[in-house]
4 protein chains.
Amino acid sequence: MAGSVNKVILIGNLGKDPEVRHLENGVVVANFSIATSETFTDKNTGQKREITDWHNIVVWRGLAKVVESYVKKGMKVYVEGKLKTRSWQDEQKNTRYTTEVVADNLTMLTRAEPATNQSENQYPKSIEENKSQPMTQSIQPEEEDDLPF
Amino acid sequence: MAGSVNKVILIGNLGKDPEVRHLENGVVVANFSIATSETFTDKNTGQKREITDWHNIVVWRGLAKVVESYVKKGMKVYVEGKLKTRSWQDEQKNTRYTTEVVADNLTMLTRAEPATNQSENQYPKSIEENKSQPMTQSIQPEEEDDLPF
Amino acid sequence: MAGSVNKVILIGNLGKDPEVRHLENGVVVANFSIATSETFTDKNTGQKREITDWHNIVVWRGLAKVVESYVKKGMKVYVEGKLKTRSWQDEQKNTRYTTEVVADNLTMLTRAEPATNQSENQYPKSIEENKSQPMTQSIQPEEEDDLPF
Amino acid sequence: MAGSVNKVILIGNLGKDPEVRHLENGVVVANFSIATSETFTDKNTGQKREITDWHNIVVWRGLAKVVESYVKKGMKVYVEGKLKTRSWQDEQKNTRYTTEVVADNLTMLTRAEPATNQSENQYPKSIEENKSQPMTQSIQPEEEDDLPF
DNA sequence: TTTT
DNA sequence: TTTT
């Protein structure tokens, strides 16, 4: 179909570290999920309540490598991409559907630190060295809080 | 969580007429799906191929009434809303998930004609006359209140 | 500055045919403006009124060539791009500012017909025939290549 | 015109504290500007360069009151709104144009501290105490009514 | 599973 | 005028 648009814009925090796979052909894929939330007033109780939505994000190739190196649990990110629903077979041979956001733009809104498999902060030296490397392409770290006003 | 954004922007065509339900409390809900597509070149064959994605749209209340009256199969619409994934139980008591776009803004990009139950094109005269009228204006939701999505 | 986003999404109709320039270095630039409008109720008179906003669009290179060939006065287009404000000197040597949308994505929402210099509707037959052809496909910037999502 | 869309999405930092005016009819308006930037490689020198764009933001009513209380110089914000160009007369009676983003949604991406008139960091004690409070939640406009932009 |  |  001609003349269509498919665009998703999200800002949210990662619930876990990304899962990164290096495919046999050398292509890299990263998956992670981010939470957004909204507050509303419960009609019955009059109380404020918060609803959290979780969004599955997929990134490919160069962007996946950046995610592998810099994006991790708890960080806030801006994600721009397309909605894609893919089908798969479950164990009972039912067709099931999963909707994901295939991101083609990602900006970190939290200060970046190199991601590690040991997310409990025991960085090996090689990762420390990454700290002094320039950031890859359009993706840059960002200071979110503690501004010196 | 503070500081999150959840926004989807789609332009696509309806595959079928919307399904509209009038709930017992008087609230109206409309569901429909729209297709977006993108073309890409198949790496192996060098051929152009088209991938179509289908998106489930939900609209509530006043916007649902407009959909009921004016939006139907084949029309192209602009939809703006939020990504929501809801869980439900299938017959085998498995938890399953469906992702939808809950729209809070909808603009018809095809000239509107009143929707009918006879979507097979037997328009009464008054509707034929509408064909020469200018396109219906942009539609906004009348309220943004505590919705139980 | 890291972590910034600059995005504009417009759907509107062209007021005039685009102006296209071929620069000495071979680069092509196209300029055109599109109108969006919104209706509101005048507080004093209770009357519905419509406000029209005009937006200056700039497209470069391959996208400008497509605009040159297919986009013309009256067509409805989807435009996605960045806000840019540039300064210039008027005749009295005052610094003045013009804000434009530099588009990197453009989709025709009106059935495309090849643009002509005779925009006053004296279409040669070959263009009339185009009227029955399916809408021209979505136009993407050059860098969107064969991705196997 | 029917079927139009006018949407701007920005993430950037405020260059100065907002200017807030309380109009005679009680309506509040806030103006501020935010910077976005992008980096690119200079074709001639091969050097990385950064271009900063400044965007004029206007917010009305309830949202302006929140800006008055919480948003200030240096903070990073998400802004969603409409592009509006208004004309005015300069001293030489030339018609000039200014383009602004009239925001209807604003989310602080920096931890909020109450704005003060003394923006030179002489916080009274009560405001220091506020520093330990959680970030203000996402801010929505309380109404979308007949605005005289 | 995140975040305030 | 911001930010890194």
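Chain letters run A, B, ... following the sequence lines, proteins first and then strands; every chain starts at 1. The structure displayed is predicted, hence computed values, not measured ones.
- Distance, B:Asn6 CG to E:dT2 C1': 15 Å, rounded to whole Å.
- No side-chain donor from either of D:Thr85 and C:Trp54 sits under 3.5 Å from a side-chain acceptor of the other.
- Listed candidates were E:dT1, F:dT2, E:dT2. Nearest to the side chain of A:Asn13 is E:dT2.
- In this entry the distance linking CD of A:Glu19 with P of E:dT2 reads 15 Å, nearest Å.
- Remark: C:Lys82 pairs with no residue by the salt bridge (Lys or Arg N to Asp or Glu O under 4.0 Å) rule, at least two apart or across chains.
- Rounded to a whole Å, the NZ atom of A:Lys73 is 7 Å from the P atom of E:dT3.
- If you check the side chains of A:Thr41 and A:Gln47, you find no donor sitting under 3.5 Å from an acceptor.
- Taking only side-chain atoms of D:Lys16, from C-beta outward, the nucleotide of E:dT1, F:dT1, F:dT2 with the closest atom is F:dT1.
- Remark: C1' of E:dT4 and NZ of A:Lys76 are 8 Å apart, rounded to the nearest angstrom.
- No donor-acceptor contact under 3.5 Å links the side chain of D:Ser37 to the base of F:dT3.
- Comparing E:dT1, E:dT2, F:dT3 against the side chain of D:Glu50 picks out F:dT3 as the nearest.
- Here the side chain of D:Ser33 is nearest to one of F:dT1, E:dT2, E:dT1, namely F:dT1.
- Taking C:Arg96 as the reference, C:Asp90 meet the salt bridge (Lys or Arg N to Asp or Glu O under 4.0 Å) condition, with sequence neighbours excluded.
- Taking atom CD1 of residue D:Ile51 and atom P of nucleotide F:dT1, one finds them 19 Å apart after rounding to whole Å.
- Distance, D:Phe32 CZ to F:dT3 C1': 15 Å, rounded to whole Å.
- Residue-nucleotide stacking is not present for D:Trp54 and F:dT2, judged by a side-chain ring centre under 5.5 Å from the six-membered base ring centre and planes under 30° apart.
- Taking atom CD1 of A:Ile11 as the reference point, atom P of E:dT2 lies 20 Å away to the nearest angstrom.
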